[in-house]
> 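For reference, the structure I am asking about is given below.
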Amino acid sequence: METLLSPVILFFVLGALAAFAKSDLSIPEPLSKALSLYLMCAIGLKGGILVSDNGMTVDLFLAAIAGLVLSCLIPIGAFALLRSFGKLETTNAAAVAAHYGSVSVVTFVAGNQLLTDAGTPPAGYMIAVLALMETPAIIVGIFLARRNTGQAFQPGQDLLRETLLNGSVVLLLGSFIIGLIIGKDGFAPVSPVFETGFTGLLCLFLLDMGLVAARRLRHARNLTLRLVTLAIVFPIVNGTIGTTIGAMLGFDIGTATTLGILAASASYIAVPAAMRLALPKADAGLYLAMSLAVTFPFNIIVGIPFYTMLAKLMV
Amino acid sequence: METLLSPVILFFVLGALAAFAKSDLSIPEPLSKALSLYLMCAIGLKGGILVSDNGMTVDLFLAAIAGLVLSCLIPIGAFALLRSFGKLETTNAAAVAAHYGSVSVVTFVAGNQLLTDAGTPPAGYMIAVLALMETPAIIVGIFLARRNTGQAFQPGQDLLRETLLNGSVVLLLGSFIIGLIIGKDGFAPVSPVFETGFTGLLCLFLLDMGLVAARRLRHARNLTLRLVTLAIVFPIVNGTIGTTIGAMLGFDIGTATTLGILAASASYIAVPAAMRLALPKADAGLYLAMSLAVTFPFNIIVGIPFYTMLAKLMV
Amino acid sequence: METLLSPVILFFVLGALAAFAKSDLSIPEPLSKALSLYLMCAIGLKGGILVSDNGMTVDLFLAAIAGLVLSCLIPIGAFALLRSFGKLETTNAAAVAAHYGSVSVVTFVAGNQLLTDAGTPPAGYMIAVLALMETPAIIVGIFLARRNTGQAFQPGQDLLRETLLNGSVVLLLGSFIIGLIIGKDGFAPVSPVFETGFTGLLCLFLLDMGLVAARRLRHARNLTLRLVTLAIVFPIVNGTIGTTIGAMLGFDIGTATTLGILAASASYIAVPAAMRLALPKADAGLYLAMSLAVTFPFNIIVGIPFYTMLAKLMV
Amino acid sequence: MIKTTTRKKIEILMDVPLLRSLRDLAIKNGVRGYTVLPTLAGGGDQGRWRDDQVTGGAGSKVVFATIVKEDTADRFLTALEPLLDEYSLIVTITTVEVIRGDNF
Amino acid sequence: MIKTTTRKKIEILMDVPLLRSLRDLAIKNGVRGYTVLPTLAGGGDQGRWRDDQVTGGAGSKVVFATIVKEDTADRFLTALEPLLDEYSLIVTITTVEVIRGDNF
Amino acid sequence: MIKTTTRKKIEILMDVPLLRSLRDLAIKNGVRGYTVLPTLAGGGDQGRWRDDQVTGGAGSKVVFATIVKEDTADRFLTALEPLLDEYSLIVTITTVEVIRGDNF
Ligand SMILES: Nc1ncnc2c1ncn2[C@@H]1O[C@H](COP(=O)(O)O)[C@@H](O)[C@H]1O
Ligand SMILES: Nc1ncnc2c1ncn2[C@@H]1O[C@H](COP(=O)(O)O)[C@@H](O)[C@H]1O
Ligand SMILES: Nc1ncnc2c1ncn2[C@@H]1O[C@H](COP(=O)(O)O)[C@@H](O)[C@H]1O
Ligand code: NA
Ligand code: NA
Ligand code: NA
């Protein structure tokens, strides 16, 4: 409950209410992009510094493999449900499925903050896992789509670049490595910007996400009740699986929960960009509405506390 | 005097000088918008936290009513003077009058800072009064214009939305409410951004205001000497009335002065946007030059110290 | 070595690698401009405050004269070499030469930081010298070009304004003067933004510079090996001359090194803008590639430590 | 040679606050698709302006562009005419060729 | 009167992620120069959009504009045609006059 | 059918630093109104560019657009011609219809 009254969540709600009320409030796009670049740098650095402090452990590799496997398998299950229960045709089902295999940076950040506040911070290497989980689902999604459909124009090389060298992935991993190199001491002079300022700037970013999510919901055309249901069922199921695997691998509460959060969250940055290129016929309004306007708020408000509770029961 | 040498004012002067010298110095518009959103959030939060600390008092309601009455009556007086002494025709007079009934957020902020530095901070609820005073004058202004003129196209609903749900009003009130909810403790993690950074970012914003105000003055076409006179007389008269009412209502020095500042200041955000829609024939160059290029600097440099002095005499 | 592992440099390298790998990572232009305005304000203020602390000394005037003389003479030497060894025709040689006479703000900032960290900070007035050195080389460059070529359209007045009232020069000098006026006490309320946040924001700016520099190098068409050689020889020679003069004038290690850095660095803001106007036939891709993509990284990585070593030997 | 169809492109320069009303008017008059483009600055009989967000964009302008069939163009422009003077809109109509003409 | 030459201006509205591929396609088909212009918002059969960077610009659109000779126009448009439906590109072709025509 | 008048739309792509001089030249040659539009990137014989503010916008370009009568077009273009090569300006002239033609 207290979580829901944190300024970060309240700004998200303010943004959503303003958009539902059709206010002309809007965040200038360059600011929005600047904030998102800043968040990537800040969490990348933070993860790198944590890992440089604690050294690399076998847990890092276990978590990485778990993350990769999850992000490859989740889309397959999601695809089947989207086709059968969701009644989507192949291309749309594949595109949506890819989003659920990938991850949401801000959901991760929100979970991170709540877990840290609760005294159970996740391991620093989970940021590397986050970065690793951004792209594999894209490949799986495209594969699912192409089994059944032919496509004329193959933006092959571009697609691989868009995917693997997606700006957000590069920045996240790059900052992680910089964090590894500079360690705690090198971080001191930049910590006022990347650490002290973090929560305040996250508020502004979530204000924007509230605006964008609510506008997407308002203008979503093909978002059926069945699809909304799936956009809530997916995080519950995937989050439960992720948390359980984390617990089985022997991770601490924070880390196991975070694996659950990664599994539960849906991409709204790297995957949509790749889908516009690879599966242009898929309905962008639909996949963004599901991931950004339903699953994202669900995870922030209901999901994260739920996966935390699960982890506490299991670890 | 010391006030005039604060970095905030000096950056305003630097901006103005650069624009008069025709330097190509310019602040990218998205930054300018970002700074203005930031200022709204920051002062909204601050006001909410102050009120959550002190509780709501009857003074809040007195101040709100005084503010609302002032913002409805000021345009009527201003309209008469603009028609007679200012020699403006109806539409322009009404549009300009609406600006003086409404308020300027940055004038408020500057006053706030000076009063706080002087050890006489205004009550936190004045931020709610600020938000309440932004829009009523718009309705009065339109009413004044339409008594005498007919208009073909009625953007009724849009206008109401533009006015009541104007982004800056929504953000100000929304942040105020968030401040009320989170209180001092919830504010701690975001205070580095919204409190510690405030004065520095205000400098950058005032640099931009200096540039914009001076460019408006340079390109103002229909700004007669009579209108410049009114743009100085209005704040003096309205500020005196506002401060006096504040003193009569028993407010402390800071709060009475702030009511004076609100009365004296002229809008350059919510009202111009509404006027473009409601009274498109009114000369935007004129009302922005009066409010932004004459009244705003006058208030910052001469007005605020004057209303403070008045309040000290009366309280 | 330690220098090379500072976060500032590492972010530059990250940007460059991302651009070479053709990642779509990019900094929104308004943010990039905002950061550069911020840097000007911050270092201007800092210099002004240092000078207000220590008073103006005769050293300031010596340094100013040395800087002015260097920025007038360097282009002449550079022009000769660019024509003969570099095999450039007149206009391009003149345009490139002007860049080397002028200075690079970020190289200055990087040097400043390293020298301060090493316990040998330069004198505050070097910021005024930096501002003074931005423009004279432009005049010299144009003169060199026009001795041999005729030009139809004379954007005379505009050019002078672009040059002398170039936004970055105005902001740098303006902030310097504001720093002089407000002094240490007046600076306190704005120091969280302009001082505490400096290094972190500089990281983001250098990330962008890395991206831009590497993209310029990738797309540079006429950058021959001879020109790359000159873009490395110029800073070595000019830096050595500047440092030596500084030492001969009796400056301390930090100040002498800084004069070297100014001499060695090449403009990529004020001069390119002026050249587009004055010598439009010159190849913008070429001069920006030389100054931004070769000389700038060279100075950051090799040059600054080298001039510091020189100064230590000589002072 | 690729098959093209002749259509009208209508471009309207207007103040930002007017955008919503104008979009609604366009759709009410048969416009199926439109795109909004930014501007930076301008000048005319009423003086110069440049995009400035200090004033919340009240002085900013955008271009509303739509490609339509000739009859939709007529219908929309007729509905628009009373507003032209009121809001000093700048309207241009250009003849363009489009591919896949039945989408417009 | 100044001498002008008739050319075709092709303008293509597309999603940002497609820009690189499309530019390469243009160059491969004889386009020598092009300019990319920003957009703010739009609407059509697939609903409304506005530039939003929260999603990394995946929903943003730009205009790719190029001035070409008639035969280059034909060649490029023919190469483009298969992509039109796939990527729901909006393409207009306008007849324009240019000065110094041999540059295009 | 609404009454329209034929005018010329002149669009000039140029480097940002040139904007002031060019605007003054336009006004001196009878141009009453103009609008400046942003661009993002481009490519041509001199290579590729994209708007980058690290260099203070020295490499950025804008479009100067103006709608004028045929004779003003001639006058302005004639004055402009000597600058075309010097500043490698890209100029297009399009025939457009306007409403309320006496405003242009
Ligand atoms: N007739 C049109 N005129 C201008 N822009 C259009 C038009 N139709 C579509 N668009 C643009 O193309 C996008 C996609 O169109 P649609 O596929 O119809 O949804 C829209 O969101 C608009 O930005
Ligand atoms: N002939 C024109 N060509 C292009 N834009 C124009 C023209 N006339 C006016 N404008 C634009 O419309 C705005 C308002 O024009 P005006 O009402 O003449 O001041 C100007 O500031 C320009 O942005
Ligand atoms: N044919 C063209 N169509 C559109 N824009 C062009 C064309 N040619 C050149 N440009 C633009 O003008 C700039 C300079 O052209 P250039 O001098 O050929 O390098 C390019 O970078 C483009 O932005
Ligand atoms: Na996931
Ligand atoms: Na007022
Ligand atoms: Na130099």
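Within every chain, numbering begins at 1; the chains are lettered A, B, ... in the order of the sequence lines, protein sequences first and strands thereafter.
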> Is it the backbone or the side chain of Leu292(A) that comes under 4.5 Å from a heavy atom of chain E, or both, or neither?
side chain

> Which residues in residues 218-228 of chain A have any heavy atom closer than 4.5 Å to a heavy atom of chain E?
His219(A), Arg221(A)

> Under the side chain to side chain contact (heavy atoms under 4.5 Å, CB included) test against Leu277(A), which residue among Leu18(E), Asp15(E), Val16(E) passes?
Leu18(E)

> Is it the backbone or the side chain of Leu37(A) that comes under 4.5 Å from a heavy atom of chain E, or both, or neither?
neither

> Can you list, pair by pair, the side-chain donor-acceptor contacts under 3.5 Å of residues 68-81 of chain E, counting residues two or more places apart and other chains?
unit_1, atom_1, unit_2, atom_2, d
Lys69(E), NZ, Phe104(E), O, 3.2
Arg75(E), NH2, Lys28(E), O, 2.8
Thr78(E), OG1, Asp74(E), O, 2.5

> Go through it in stages, so that I can follow the logic: the residues are Ser26(A) and Arg50(E), the test is side chain to side chain contact (heavy atoms under 4.5 Å, CB included), and I'd like the CA-CA distance, side-chain angles, deciding distance and then a yes or no.
CA-CA 11 Å; Ser26(A) 75; Arg50(E) 64 198 260 178; 3.4 Å; yes

> Is the backbone of Asp85(E) close enough, under 3.5 Å, to the side chain of Lys281(A) for a donor and an acceptor to pair up by distance?
yes

> Pull out the residues in residues 40-49 of chain E that come under 4.5 Å of chain A, heavy atom to heavy atom, sorted by number.
Gly44(E), Asp45(E), Gln46(E), Gly47(E), Arg48(E)

> For residues 199-209 of chain A, which side-chain N or O atoms pair as donor and acceptor with protein atoms under 3.5 Å away, sequence neighbours left out?
unit_1, atom_1, unit_2, atom_2, d
Asp208(A), OD2, Ser32(A), OG, 2.7

